[in-house]
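Source: prediction; values computed, not measured. The chains referred to below are lettered A, B, ... by the order of the sequence lines, with proteins before strands, and numbering in each begins at 1.
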Amino acid sequence: MTPPRDYFEEVYDVVRLVPKGRVTTYGAIARYLSLRAGARMVGWAMNASHGKDVPAHRVINSVGVLSGKHFFGSPSVMQQLLEDEGVEVVDDRVVNFKTLLWDPSDELAL
DNA sequence: ACAGTGACCATAA
DNA sequence: CTTATGGCCACTG
């Protein structure tokens with residue numbers, strides 16, 4: 001198949017679908033979109049998400065750590081955004097991460 | 001074309 | 001918990 005479109009857009013689309021108060025992971029998005037690129041490119045896509053309407057603060061790594069908090073202009077912004085949505089964050093990690101995890105392959109696959 | 005780097009992931013020790 | 005290794009692909013110099 002031809003290049004499906006910019007996979008960036010695919011990633012953004014999924015991220016926008018993440019419900020408020022929930023979080024998802026790079027790996028989950030990569031698996032859902034079957035990106036051969038792997039989770040790394042999802043992060044790369046997020047890097048370009050600046051200026052777009054993409055809640056990148058809901059996208060974290062597989063252990064629930066706010067790996068990209070440093071890229072929000074200020075390290076405290078990402079945590080603030082999450083807590084503002086009802087997500088508890090302690091020591092740069094999401095509390096009840098597994099419970100708050102919104103995996104498209106699991107939630108949308110129905 | 002090659003090497004280094006990266007908002008990652010999984011496994012191993 | 002940390003450190004190491006392999007994979008995966010895109011961007012930069």
Once you round it to whole Å, what is the distance between [atom2] of [N] and [atom1] of [X]?
{"X": "A/Arg31", "N": "C/dC8", "atom1": "CZ", "atom2": "P", "answer": "16 Å"}
{"X": "A/Ile29", "N": "B/dC9", "atom1": "CD1", "atom2": "C1'", "answer": "14 Å"}
{"X": "A/Leu33", "N": "B/dC8", "atom1": "CG", "atom2": "P", "answer": "18 Å"}
{"X": "A/Met41", "N": "C/dC11", "atom1": "CE", "atom2": "P", "answer": "8 Å"}
{"X": "A/Asp103", "N": "B/dC8", "atom1": "CG", "atom2": "P", "answer": "18 Å"}
{"X": "A/Leu35", "N": "C/dA10", "atom1": "CG", "atom2": "P", "answer": "10 Å"}

Verify the neighbour count for atom NE2 of A/His70: are there more than 12 heavy atoms of other residues, nucleotides or ligands below 6.0 Å?
no
In a check of side-chain hydrogen bond (donor to acceptor under 3.5 Å, both in side chains) between A/Glu85 and each of A/Arg22, A/Arg58, A/Lys20, which one passes?
A/Arg58
Does the A/Tyr12 side chain pair with the main chain of A/Ala45, one donor and one acceptor, at a distance under 3.5 Å?
yes
Reported OH-to-OG1 distance for the pair A/Tyr32 and A/Thr24, which is rounded to 0.5 angstrom
11.0 Å
Side chain proximity check, A/Asn47 to A/Phe8, heavy atoms < 4.5 angstrom:
no
Are any of the side-chain heavy atoms of A/Leu35 and A/Val11 separated by less than 4.5 Å?
yes
Any residue of residues 42-76 of chain A with a heavy atom less than 4.0 Å from an atom of DNA chain B:
A/Gly43, A/Met46, A/Asn47, A/Ser49, A/His50, A/Ala56, A/Asn61, A/Ser62, A/Ser67, A/Gly68, A/Phe71, A/Phe72
